[in-house]
> 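Structure provided below as structure tokens; questions to follow.
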Amino acid sequence: MPIQTSKAFSEVDRLKDEMAQTLMELVRIPAIAPENGGEGETKKAERLLHILKAIGFDKVERFDAEDQRVPSKKRPNIIAYLNGEAVTERLWIVSHMDVVPPGEESVWTTKPFEPVIKNGRIYGRGAEDNTQSMVSSLFAVKALKNLKIKPRRTVALCFVADEEQGSTYGIQHLIKQGLFKSEDLVIVPDGGNENGSFIETAEKSVLWIKVRTIGKQTHASRPETGLNANRVGMEFALALDKMLHEGYHAKDEYFDPPYSTFEPTKKEKNVDAVNIIPGEDINYFDFRVLPSYDAEEVLSTVARLATDFEKKTGAKITMESVQKTIAPEPTKADAKIVVSLKEAIRKTRGVDVKVGGIGGGTCAAYFRKAGVPAVVWSTIDETAHEPNEYAKIENIVNDSKVFAYLAVA
Ligand SMILES: [Zn+2]
């Protein structure tokens with residue numbers, strides 16, 4: 001291993017406690033989307049700008065996206081550059097500042113936004129998703145700066161907004177600015193496995209659908225005077241579930257899991273009283289469809305079933321696509337970022353690396369769509385979106401080493 005790399009690794013090790021402190025500092029600032037009742041990422045971004053200033057990057061740029069729904073009226077996106085010997089070939093490390101809400105707080109053993117260290121893990125909402133990677137990328141650069149090592153290629157850390165709600169105000173906004181080139185190396189550390197042996201290069205199509213069933217509200221003792229939207233909605237959901245699983249059951253072992261998934265998920269609150277027959281029923285579905293299927297065709301199948309149900313029941317069923325990301329061409333297995341990252345992982349921790357696809361929904365899909373090869377990789381226990389989410393301090397440190405290796409090797 002080159003001398004610069006081993007020096008950088010020792011420096012990363014030395015910074016371990018500071019990394020843990022920085023992670024906790026960031027977790028303390030919730031950055032929840034307006035869709036979930038939050039104020040967005042502005043406060044967290046301000047904190048981050050202080051951290052970036054203290055590290056001393058060569059250039060820091062902001063690309064705010066306007067959003068009238070949040071108090072600051074903007075969703076911040078920040079890019080911090082450390083110039084390398086080669087300025088044309090850039091290594092981008094993209095992490096997101098926003099977090100999902102804590103969910104049911106009674107199942108948390110600690111307070112979601114008051115991080116706590118226990119047995120080498122830091123517990124808190126957003127600790128793993130995606131603060132861990134914000135911190136490991138920040139400290140890879142900090143280690144190089146402290147040692148006055150100029151990276152071989154320019155390192156650009158990208159901190160984006162709005163990842164959890166479809167990235168319109170985040171990475172999609174940045175891609176529109178024309179910042180990324182097809183020869184760039186892009187890594188999105190927002191997914192992975194427990195020993196860092198999995199590089200994600202492909203994602204399924206992601207479809208989120210809102211189904212609204214309209215019947216007629218009435219008293220529960222007189223069902224014949226109304227039309228129970230709750231019953232029709234449930235019957236429709238089950239029929240749809242069955243139809244999709246039977247109709248789209250192809251397997252592709254490149255993906256984990258190797259099949260398409262179709263899940264009824266969120267349900268909106270309906271009436272306030274037990275003795276009211278609901279006149280409206282709203283259900284949501286999350287579909288992750290293998291790229292071998294035409295996602296548009298899946299949507300027309302859903303629409304056809306809705307029409308059948310309308311005829312059969314007299315209810316009105318409308319469908320709205322809340323999110324639609326059609327699976328882009330996978331990043332090729334011989335793309336430079338895949339090859340370089342594989343080598344970095346092998347050299348730093350000696351594990352065998354597997355390349356494959358997942359259910360999707362990360363920023364990498366938007367890069368691929370724009371013709372920029374991107375990979376998803378990090379070392380995590382996959383506690384994202386769960387109560388008692390945590391980040392292992394060991395993983396923050398070790399992922400930081402991989403990023404440092406990619407910068408200098
Ligand atoms: Zn994430």
Side-chain angles (χ1 to χ4, degrees), residues 22-23 26-27 29-36 38 40-41 44-45 48 65 75-78 92-103 112-113 115 121-138 157-175 186-194 196 198-204 206 208 256 261 265 286 288 322-323 325 357-369 374-392 395-396 399-400 402-403:
T22 304
L23 185 129
L26 290 167
V27 168
I29 311 169
I32 294 172
E35 288 90 336
N36 294 322
E41 304 81 0
K44 190 174 272 188
L48 176 65
R75 310 292 294 277
N77 294 286
I78 296 168
W92 292 89
I93 306 174
V94 182
S95 54
H96 64 87
M97 295 181 281
D98 57 313
V99 303
V100 293
F113 295 111
R121 298 164 168 183
I122 305 172
Y123 288 84
R125 173 53 84 226
E128 174 187 296
D129 183 18
N130 198 209
T131 322
Q132 171 177 326
S133 295
M134 290 177 71
V135 173
S136 46
S137 61
L138 280 167
L157 305 190
C158 194
F159 304 94
V160 296
D162 194 32
E163 193 277 336
E164 299 291 357
Q165 296 291 331
S167 291
T168 311
Y169 302 91
I171 199 63
Q172 296 203 64
H173 178 70
L174 284 182
I175 287 172
V186 178
I187 169 160
V188 178
D190 191 19
N193 65 359
E194 75 294 341
F198 182 70
I199 300 177
E200 187 253 273
T201 55
E203 293 180 16
K204 297 171 190 170
V206 180
W208 290 359
D256 178 23
T261 56
T265 53
D286 177 315
R288 312 280 162 134
V322 188
Q323 206 206 132
T325 310
I358 62 157
T362 73
C363 290
Y366 299 106
F367 280 101
R368 290 177 193 135
K369 208 168 123 194
V375 295
V376 176
W377 173 86
S378 66
T379 313
I380 49 172
D381 283 357
E382 299 190 78
T383 61
H385 301 208
E386 289 176 11
N388 306 309
E389 174 181 353
Y390 64 81
K392 269 190 189 158
N395 290 340
I396 312 173
D399 285 7
S400 194
V402 170
F403 297 146

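Keep in mind that the numbers below use all heavy atoms, side chains included, and drop hydrogens, waters and symmetry copies. We count ligands from 1, going down the list as the structure has it; atoms in each ligand are counted the same way.
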> Between Glu203 and Arg368, is there a side-chain N and carboxylate O pair less than 4.0 Å apart?
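Yes, charged N to carboxylate O under 4.0 Å.
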> With the Zn ion (ligand 1) as the centre, enumerate protein N/O/S atoms below 2.8 Å in chain and residue order.
His96 NE2, Asp129 OD1, Asp190 OD1, Asp190 OD2
> Go through the structure and list residues passing side chain to side chain donor-acceptor pair (under 3.5 Å) with Asn388, not counting sequence neighbours.
Thr109
> State whether a side-chain donor-acceptor pair under 3.5 Å links Thr379 with Asp399.
yes
> Which pair of heavy atoms, one from Phe403 and one from Trp377, lies closest together, and at what distance?
CE2-CZ3, 3.9 Å
> For Tyr169, what residues pass the ring pair (Phe, Tyr, Trp, His ring centres under 6.0 Å) criterion, not counting sequence neighbours?
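Counting only residues at least two positions away or on another chain, Tyr169 forms no ring pair (Phe, Tyr, Trp, His ring centres under 6.0 Å).
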> Once side-chain contact (heavy atoms from CB on, under 4.5 Å) is applied, do any residues pair with Pro34, and if so which ones, sequence neighbours excluded?
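Residues passing side-chain contact (heavy atoms from CB on, under 4.5 Å) with Pro34: Asp67, Arg69, Val70, Arg75.
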